[in-house]
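First up is the structure itself, then whatever we jot down about it.
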There are 2 protein chains.
Amino acid sequence: MAAKKKPARPITSTAEFARHVGLARTTVSRVLNGQPGLKPKTIERVQRAMDETGFTPNAYAVRLKGKSTATVGICMEDLLTPTAVKKLSALQRAFRMKHYTSLIEVFEPGQSRQLIRHFLSMRVEAIVFIGHFPAEELAQRIDELNAHGTPHVVIDHVDIPSAHRVTVDRARGMIDVVNHLVARGHRSFGLLGISAWLHGKLGRMHGIMQALAAHKLPFAQCARSLDHLHVRRNDFEFGKTLAASFATLPDRPTAYLALNDEIAIGAMHGLQAAGIDIPGEAAVTGFNNQEICAMTRPTLTSVDQQIDETIRVGTEVLLGQIGQPPRTKAILRTIDPKLIIRQSTDFTVAAR
Amino acid sequence: MAAKKKPARPITSTAEFARHVGLARTTVSRVLNGQPGLKPKTIERVQRAMDETGFTPNAYAVRLKGKSTATVGICMEDLLTPTAVKKLSALQRAFRMKHYTSLIEVFEPGQSRQLIRHFLSMRVEAIVFIGHFPAEELAQRIDELNAHGTPHVVIDHVDIPSAHRVTVDRARGMIDVVNHLVARGHRSFGLLGISAWLHGKLGRMHGIMQALAAHKLPFAQCARSLDHLHVRRNDFEFGKTLAASFATLPDRPTAYLALNDEIAIGAMHGLQAAGIDIPGEAAVTGFNNQEICAMTRPTLTSVDQQIDETIRVGTEVLLGQIGQPPRTKAILRTIDPKLIIRQSTDFTVAAR
DNA sequence: GCTTGACGCGGACACGTGTCCTCGGGTGTC
DNA sequence: GACACCCGAGGACACGTGTCCGCGTCAAGC
């Protein structure tokens with residue numbers, strides 16, 4: 001097709017390329033940048049030579065000279081959390097649509113300073129954080145960005161007051177969950193991986209307490225956690241282990257609220273292994289509404305994060321800062337989640 | 001902490017920064033590049049000023065001048081396939097360890113040429129492809145890279161003869177699966193999403209045929225596919241739909257081999273919904289051995305891709321090309337998968 | 001007081017590009 | 001044949017950095 005020859009050394013500069021085509025360097029440059037006043041035949045000659053030689057202008061030289069880099073940095077908690085990666089995917093697509101290039105890197109505790117410096121040295125126009133991070137370390141990075149005047153937005157991690165944040169309202173999600181379970185007759189709740197340190201008023205715990213209070217159910221008596229018995233993780237095994245512990249309790253709860261779908265599915269597995277029927281003897285809820293929720297036995301009630309909406313708002317917040325004077329007040333936008341009811345809670349408990 | 005002041009405009013050049021510190025630009029540059037012959041006190045003065053001002057040298061200017069960009073391009077099929085993202089995660093970590101920066105982009109059919117040009121303009125030292133792509137389009141890109149002299153490696157996609165490739169031996173995986181199922185007494189097999197167009201000798205179909213032949217089981221009579229009845233996808237729903245179709249057959253197979261775990265789990269769901277017991281009345285196998293396999297009911301027998309090993313070999317192949325004369329012969333390295341047996345196949349069928 | 005280093009200064013060049021400018025050659029028009 | 005006009009050539013500068021080199025300054029050692 002295009003590239004037939006094997007140039008021992010590829011052409012690396014416009015000057016060299018222009019010599020190869022038999023034109024002046026400036027002429028080639030004007031073709032590449034679409035300037036007017038050129039004979040169509042000349043343009044076509046350059047195009048063809050580019051295809052043949054595979055020459056590409058050095059982006060570093062272009063960006064050095066040019067005003068804008070059209071680049072954003074994306075800092076990920078990790079690349080293994082499915083929902084975080086989904087957000088990354090949506091975000092990267094959104095930026096590509098707007099002709100921004102994304103630099104994607106993973107936040108390593110203790111190394112974040114270097115990472116941000118790398119982004120800044122690449123002259124990114126903005127930085128996005130996706131996921132949960134060590135709070136004080138992130139807060140330092142945000143303060144530095146604010147001082148530096150680089151726009152940013154933090155998605156999901158909510159307890160950095162000085163940061164612009166976009167997050168699903170997890171409290172709202174848990175309120176919906178609790179209301180649903182209470183309506184099904186449940187009065188005792190096991191918490192799987194949900195702790196009070198999770199993000200204040202928008203956190204899950206806050207929603208649970210608020211909802212229980214609205215139903216005049218005293219939290220201390222109704223809700224129970226066994227997280228402290230095991231090493232905290234966010235995967236199937238953790239849920240399974242927790243469920244095994246709950247199964248041994250004489251007065252075990254009838255409903256189980258998990259931090260995420262993985263823990264919920266693990267918990268279902270653990271409860272079922274102990275001979276407990278779901279949803280007949282125990283209800284279980286997840287969080288994130290991953291596709292797998294519709295494929296478990298029973299299918300899993302879960303809370304949908306509305307990722308597309310989150311990313312839409314996130315890019316809006318970010319692009320709204322570019323080219324604007326720095327905002328004095330931090331932005332906080334919340335997204336309403338959506339409860340998806342499935343079989344794992346589809347059983348009404350007889351009132352005691 | 002570090003950044004207290006709010007400079008209206010951040011410092012953008014070493015010259016400006018040097019003026020701010022009260023040193024010569026060259027002196028600052030020598031500090032930044034760790035050259036000898038500097039008073040410790042001077043070094044410390046520069047360090048402190050960097051922390052205070054948040055100044056970072058312009059990477060574009062540095063890379064323009066410097067010899068090596070220490071950058072690799074990673075071209076992903078998408079960011080939604082869990083196993084592909086796992087490979088990305090491992091690969092990015094591996095490169096970071098070797099002080100390479102990764103540029104991560106998604107392959108869009110029809111846009112791949114622009115993408116590779118972008119990588120080349122960023123002067124990447126090598127390019128990795130992860131996943132499955134439109135074959136002829138990828139082949140063109142590989143030819144261009146070969147002509148250009150840019151090292152590459154393709155992970156997973158195997159039917160590009162001119163490309164350096166690393167892949168798990170999927171045929172080997174299916175041979176293990178079939179042997180296992182035959183040993184359990186199965187003689188009839190339903191194929192879920194597995195087609196002959198999948199990659200020749202290393203493809204799944206080839207392994208299945210080879211294994212059946214070894215057991216003197218005629219493929220045409222033993223294996224059956226209903227893929228053509230539905231729109232091909234790779235998710236849970238596709239498996240569920242296929243299973244529903246198989247369930248209606250009077251002489252349905254006793255074992256089901258799925259393209260991946262998602263289809264397998266969907267199929268289990270579909271079969272169970274039709275009242276078919278697993279593994280009592282039907283065996284199901286997946287591929288990829290994702291964590292979820294241990295959490296389904298029953299747990300799912302699957303084939304582990306050995307991702308870490310794949311990535312290890314992949315980086316080895318890639319780094320072996322950098323700085324070397326281009327190889328005349330394409331490299332093909334295969335990784336042996338590992339069958340993980342679980343409940344979904346744990347039942348021995350009575351011989352007919 | 002003189003010599004000798006140690007250390008920092010500042011000029012110079014190169015990297016590859018975009019853009020502006022002047023200039024010249026070719027073409028078409030009347 | 002004279003004129004204007006179009007289009008490309010080529011010189012110049014700037015972008016921010018790394019590096020080399022000669023020069024000045026300051027302090028310590030004799």
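Note on naming: letters A, B, ... go to the chains in the order of the sequence lines (proteins, then strands), and numbering restarts at 1 for each one.
For the segment residues 115-124 of chain B, the set of residues with a heavy atom within less than 4.0 Å of an atom of DNA chain C is empty. DNA chain C is contacted by B/Gly37, B/Leu38, B/Lys39, B/Thr42 of residues 31-46 of chain B, taking any non-hydrogen atom closer than 4.0 Å.
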Protein-nucleic acid N or O pairs under 3.5 Å, nucleotides 23-28 of chain C:
none

Extract from the structure each pairing of a protein N or O with an N or O of nucleotides 10-12 of chain C at less than 3.5 Å, listing the distance.
unit_1: C/dG10; atom_1: N7; unit_2: B/Thr26; atom_2: OG1; d: 3.0
unit_1: C/dA12; atom_1: N6; unit_2: B/Arg25; atom_2: NH2; d: 3.3

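The side chain of B/Thr14 places no N or O atom within less than 4.0 Å of a non-bridging phosphate oxygen (OP1 or OP2) of D/dG16. Side-chain nitrogen and oxygen atoms of A/Ser29 include none within less than 4.0 Å of the OP1 or OP2 phosphate oxygen of C/dT17.
Ion pairing between a basic and an acidic side chain is recognised when a charged N comes within 4.0 Å of a carboxylate O; A/Arg93 and A/Asp308 show no such pairing. Checked for salt-bridge contact, A/Arg312 and A/Glu309 meet the test: a charged N lies under 4.0 Å from a carboxylate O.
Taking each heavy atom of B/Gly314 and B/Val153 in turn, the nearest pair found is O-CG1, 4.1 Å.
C/dA14 atom P lies 17 Å from atom CG of A/Leu64, rounded to whole Å. A/Ile11 places its CD1 atom 13 Å from the P atom of C/dG16, with the value rounded to the nearest Å. The CD atom of B/Glu16 sits 12 Å away from the P atom of D/dC15 (whole-angstrom rounding). Atom NZ in B/Lys65 sits roughly 5 Å away from atom C1' in C/dC15 (whole-Å rounding). Between B/Arg63 atom CZ and D/dT17 atom P there is a gap of 13 Å when expressed in whole angstrom units. Rounded to whole angstrom, the span from the CG atom of A/Asn58 across to the C1' atom of C/dG16 amounts to 6 Å. In this structure, the CZ atom of A/Phe17 is 14 Å from the C1' atom of C/dT17, given to the nearest Å.
Contacts of B/Lys98 classified as side chain to side chain contact (heavy atoms under 4.5 Å, CB included), with partners at least two apart in sequence or in another chain: B/Tyr100, B/Leu319. Residues that satisfy the side chain to side chain donor-acceptor pair (under 3.5 Å) test with B/Arg333, not counting sequence neighbours, are B/Glu316. The ring pair (Phe, Tyr, Trp, His ring centres under 6.0 Å) test applied to B/Phe17 returns B/Phe55, not counting sequence neighbours. Residues that satisfy the side chain to side chain contact (heavy atoms under 4.5 Å, CB included) test with B/Thr12, not counting sequence neighbours, are B/Glu16. Under the rule for a salt bridge (Lys or Arg N to Asp or Glu O under 4.0 Å), the partners of A/Arg141 that lie at least two apart in sequence or sit in another chain are A/Glu144. A/Ser102 meets the side chain to side chain contact (heavy atoms under 4.5 Å, CB included) test with A/Val72, A/Ile74, A/Gln92, A/Phe95, A/Ile104; sequence neighbours excluded. Scanning for side chain to side chain contact (heavy atoms under 4.5 Å, CB included) contacts around B/Gln47 gives B/Ile43, with sequence neighbours left out.
Side chain of A/Ser29 to backbone of A/Arg25: no donor-acceptor contact under 3.5 angstrom is found.
Each of B/Arg63, B/Arg123, B/Glu125 was checked for a side-chain hydrogen bond (donor to acceptor under 3.5 Å, both in side chains) with B/Ser68, and the lone residue meeting it is B/Glu125. The only option from A/Thr310, A/Thr81, A/Asp156 that meets the side-chain hydrogen bond (donor to acceptor under 3.5 Å, both in side chains) definition with A/Lys87 turns out to be A/Asp156.
The end-to-end axis angle of the helix from C/dG1-D/dC30 to C/dC30-D/dG1, rounded to 10 degrees and based on five pairs per end, is 30°.
Classified by interplanar angle (parallel below 30°, tilted 30° to 60°, perpendicular above 60°), the ring pair B/His164/B/His152 is parallel.
Taking NZ of B/Lys86 as the reference point, atom CD1 of B/Ile130 lies at 13.5 Å (rounded to 0.5 Å).
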Report task. Please report the C-alpha distance between B/Leu64 and A/Lys65 in whole Å, then the side-chain angles of each, then the deciding distance to 0.1 Å, and finally whether the side chain to side chain contact (heavy atoms under 4.5 Å, CB included) criterion is met. Result -> CA-CA 11 Å; B/Leu64 173 58; A/Lys65 185 78 186 81; over 6 Å; no
